[in-house]
Chemist: 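Here it is, the structure in full.
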Amino acid sequence: MLDTLEELKTKALGELKNLNDRSGIEAWRVGYLGRKGALTKILRSLPELAIEERREAGSAANKLKALLEESLTNKQESLKKADIERIMGESRIDVSLPGYPVRLGRLHPTTQILRETSAIFASMGFEVVEGPEVETDYYNFEALNIPRGHPARDMWDTLWVDYTDEKGERPMLMRTHTSPMQIRFMERRRPPIRVIMPGKVYRYEAIDATHESMFYQIEGLAVDKGITMAHLKGTLYEYARRLFGQDRRVRFRCDYFPFVEPGVEMAIDCFICKGEGCRVCKNEGWIEILGAGMVHPDVLRRVDCDPEIYTGFAFGMGLERIPMLKYGIDDIRLFYSNDLRFLEQF
Ligand code: DAH
């Protein structure tokens, strides 16, 4: 019996030494110490032995049981330790290392100028409203005094939506300017009106350094009793000074837009050369930045606003032109080509 126990001990400890996974160890435990395990069987058979042999074998078997249990516990402990070490090794954290710099996003230059512009007009009591980029012929042209066949339609190279209505006409287009929002806004709201309406506009352009097929405009509109050209000039003068510097001067000259009467174009004196003449102002000393005018009486009538009672002014400007001037950017295509080398400069 003692020999059997000695053999069992050698075999069991030898096997355990080579085990290193939980299921293997559990199978080992069941095999030797379980209810039907090899050692358990021996312990159960002890009463069958003769008294002399029983005492000796009993003591040896119990010693072996204690040894196997202790070895098992040790094995489990060392396995746990190895697991922890492995996990620590894989994801070791060195708290003394300096962190990785976080790449911060930034606002697109168009968004920046849009926000700056909105804030300036908001401080003068204007609200900010957006509208649809797919328009109808009516809002984009007709309601703005540009009927079919009017030569002013040639000022805009229109992208038409490929949709024909039941009359065989194609009334849908990508808006060529933000001016249709004047009509949409006045259809819903009575004066007093003070609003700016920024957004994307689309043109069928041959794309080059100064022409994109998509760009931003900001439309402005103020309608109330007693609005005059002086309000137009004062408001836009204030905007120009806040954006381009308090010492800016402005110049208004006659221009033609079908939906205003009279119509003007506004220029600022060149903030680079102060009017001397340079590359930015193309030696003019002046830089045109927007079109404006007094809202045409026919436009007011169209939205049920009596031009004998109400008058108003409107203006519209290209947004990208402002950062282009401010930062000396010479190619409008840079704005929407997603090149980080360009965008990260702002
Ligand atoms: N919509 C015109 C354009 O795209 C710009 C414009 C001129 C808007 C005069 C106005 C305005 O509101 O009064 O060229």
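Treat the numbers as computed from the prediction; the structure is a model and nothing was measured. Positions are given from 1 along the sequence.
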Chemist: More than 12 heavy atoms of other residues, nucleotides or ligands under 6.0 Å from CZ of Arg249: yes or no?
Modeler: no
Chemist: Has the side chain of Lys75 got a donor or acceptor atom that lies under 3.5 Å from a matching backbone atom of Lys17?
Modeler: yes
Chemist: Excluding sequence neighbours, so at least two apart, what forms side-chain hydrogen bond (donor to acceptor under 3.5 Å, both in side chains) with Arg54?
Modeler: none
Chemist: Using distance alone, with no hydrogens and no angle criterion, decide if Tyr256 and Glu265 have a side-chain donor and acceptor under 3.5 Å apart.
Modeler: no
Chemist: Tell me every residue that passes ring-ring contact (aromatic ring centres under 6.0 Å, His included) with Phe346, counting only those two or more places apart in sequence or in another chain.
Modeler: Tyr327, Phe342
Chemist: Is there a side-chain contact between Val295 and Tyr310 (heavy atoms, below 4.5 Å)?
Modeler: no
Chemist: Side chains of Leu144 and Phe257: closer than 4.5 Å at any heavy-atom pair?
Modeler: no
Chemist: So how far is it from Glu69 CD to Leu64 CG, rounded to the nearest 0.5 Å?
Modeler: 10.0 Å
Chemist: Between CD1 of Ile146 and CZ of Phe141, what distance do you get to the nearest 0.5 Å?
Modeler: 6.0 Å
Chemist: Would you find more than 12 non-hydrogen atoms of other residues, nucleotides or ligands less than 6.0 Å from Glu344 atom CD?
Modeler: yes
Chemist: When hydrophobic residues are tied together by side-chain contacts of less than 4.5 Å, even through go-betweens, does Leu16 share a cluster with Val30?
Modeler: no
Chemist: Flag yes if Leu343 and Leu107 sit in one hydrophobic cluster, no otherwise; membership is Ile, Leu, Val, Met, Phe, Trp, Tyr, and two members link when side-chain heavy atoms are under 4.5 Å apart.
Modeler: no
Chemist: Looking at Arg321, Glu212, His211, which one forms a side-chain contact (heavy atoms from CB on, under 4.5 Å) with Ile332?
Modeler: Glu212
Chemist: Counting only N and O atoms by type, is there a donor-acceptor contact under 3.5 Å from the side chain of Glu261 to the main-chain atoms of His296?
Modeler: no
Chemist: For Asn74, enumerate each residue passing the side chain to side chain contact (heavy atoms under 4.5 Å, CB included) test, keeping only those at least two apart in sequence or located in another chain.
Modeler: Glu70
Chemist: Decide yes or no for Arg55 and Leu49: does some side-chain heavy atom of the first lie under 4.5 Å from some side-chain heavy atom of the second?
Modeler: no
Chemist: How many angstroms lie between atom CZ of Arg44 and atom CG of Leu39, to the nearest 0.5 angstrom?
Modeler: 11.0 Å
Chemist: Is it the case that over 12 heavy atoms from other parts of the model lie below 6.0 angstrom from the CD atom of Glu56?
Modeler: no
Chemist: A quick test of your reading: do over 12 heavy atoms of other residues, nucleotides or ligands sit less than 6.0 Å from CZ of Arg190?
Modeler: yes
Chemist: Which residues pass the side chain to side chain contact (heavy atoms under 4.5 Å, CB included) test with His231, sequence neighbours left out?
Modeler: Ile227, Thr228, Phe313
Chemist: If every non-hydrogen atom of Pro323 is compared with every non-hydrogen atom of Ile329, which pair is closest and at what distance?
Modeler: O-CD1, 3.7 Å
Chemist: Side chain of Thr40, backbone of Lys36: donor and acceptor closer than 3.5 Å?
Modeler: no
Chemist: Provide the closest heavy-atom pair for Met1 versus Ser45 in the form atom of the first, atom of the second, distance.
Modeler: CE-OG, 4.2 Å
Chemist: With Glu77, which residues qualify under side-chain hydrogen bond (donor to acceptor under 3.5 Å, both in side chains), at least two apart?
Modeler: none
Chemist: If you count every heavy atom of other residues, nucleotides or ligands that lies below 6.0 Å from Arg86 atom CZ, does the total exceed 12?
Modeler: yes
Chemist: Please round to the nearest 0.5 Å and tell me the distance separating atom CG of Leu33 and atom CG of Leu72.
Modeler: 7.0 Å
Chemist: Going by side chain to side chain contact (heavy atoms under 4.5 Å, CB included), name the residues that satisfy it together with Arg194, two or more places apart in sequence or in a different chain.
Modeler: Phe126, Ala222
Chemist: To the nearest 0.5 Å, what is the distance between CG (Leu300) and OG1 (Thr311)?
Modeler: 8.0 Å
Chemist: Quick one, Met266 with Arg251, criterion side chain to side chain contact (heavy atoms under 4.5 Å, CB included). Give me CA distance, side-chain angles, the key distance, then yes/no.
Modeler: CA-CA 6 Å; Met266 183 175 94; Arg251 181 190 73 185; over 6 Å; no
Chemist: Measure from the side-chain N and O atoms of Asn140 to the backbone N and O of Glu135, and report whether any donor-acceptor pair falls under 3.5 Å.
Modeler: no
Chemist: Is it true that atom NZ of Lys274 has more than 12 heavy atoms of other residues, nucleotides or ligands lying nearer than 6.0 Å?
Modeler: yes
Chemist: Tell me, please, which residues at least two apart from Val161 pass side chain to side chain contact (heavy atoms under 4.5 Å, CB included).
Modeler: Val134, Tyr163, Met172, Met174
Chemist: Quick one: list whatever passes side-chain hydrogen bond (donor to acceptor under 3.5 Å, both in side chains) with Arg341, sequence neighbours left out.
Modeler: Asp339
Chemist: Would you say the side chain of Met181 lies within less than 4.5 Å of the side chain of Arg175, judging by non-hydrogen atoms?
Modeler: yes
Chemist: Can you name the closest pair of heavy atoms from Met186 and Leu221 and give their distance?
Modeler: CG-CD2, 3.8 Å
Chemist: Are Leu13 and Leu67 packed together at the side-chain level, in the sense that at least one heavy-atom pair is separated by less than 4.5 angstrom?
Modeler: yes
Chemist: Looking only at atom types and distance, does a side-chain atom of Arg153 sit under 3.5 Å from a main-chain N or O of Thr158, one as donor and one as acceptor?
Modeler: no
Chemist: For Val250 and Ala240, work out which heavy atoms get closest and say how close.
Modeler: CG1-CB, 4.0 Å
Chemist: Is there a side-chain contact between Pro307 and Arg301 in this structure, where contact means two heavy atoms from C-beta onward sitting under 4.5 Å apart?
Modeler: yes
Chemist: Do you reckon Leu243 sits in the same ILVMFWY cluster as Trp286, going by side-chain contacts under 4.5 Å, direct or chained?
Modeler: no
Chemist: For the residue pair Ala12 and Leu68, what are the closest heavy atoms and their distance?
Modeler: CB-CD2, 3.8 Å
Chemist: When you measure from the side chain of Ser123 to the backbone of Ile120, do you find a donor-acceptor pair of N or O atoms at a distance under 3.5 Å?
Modeler: yes
Chemist: Please report the shortest heavy-atom distance between Ala292 and Leu236, naming the atom on each side.
Modeler: CB-CD1, 4.0 Å
Chemist: Can you find a pair of side-chain heavy atoms, one from Phe185 and one from Ile193, that are under 4.5 Å apart?
Modeler: yes
Chemist: Distance from Ser71 atom OG to Tyr32 atom OH, nearest 0.5 Å?
Modeler: 12.0 Å
Chemist: Any ring pair (Phe, Tyr, Trp, His ring centres under 6.0 Å) involving residues 58-114? Give me the pairs, sequence neighbours left out, ordered by first then second residue.
Modeler: His108-Tyr336
Chemist: Name each donor-acceptor pair under 3.5 Å that joins a side chain in residues 200-207 to protein atoms two or more places apart or in another chain, with its distance.
Modeler:
unit_1, atom_1, unit_2, atom_2, d
Tyr202, OH, Glu133, OE1, 2.6
Arg203, NE, Thr176, O, 2.9
Arg203, NH2, Thr176, O, 2.8

Chemist: Do Trp28 side-chain atoms and Leu19 backbone N/O form a donor-acceptor pair below 3.5 Å?
Modeler: no
Chemist: Using only atom types and a distance under 3.5 Å, with no angle test, would you say the side chain of Asn62 pairs donor to acceptor with the backbone of Gly58?
Modeler: yes
Chemist: Can you check whether Asp330 reaches Met324 side chain to side chain, under 4.5 Å on heavy atoms?
Modeler: no
Chemist: Quick one: side-chain hydrogen bond (donor to acceptor under 3.5 Å, both in side chains) partners of Lys326, sequence neighbours excluded?
Modeler: Glu116
Chemist: Which residue pairs pass the ring pair (Phe, Tyr, Trp, His ring centres under 6.0 Å) test with at least one member in residues 49-86, sequence neighbours excluded?
Modeler: none
Chemist: Kindly indicate, with the supporting measurements, whether the criterion salt bridge (charged side-chain N to carboxylate O under 4.0 Å, His left out) is fulfilled by Arg242 and Glu238.
Modeler: CA-CA 6 Å; Arg242 288 218 217 154; Glu238 180 62 19; 2.8 Å; yes
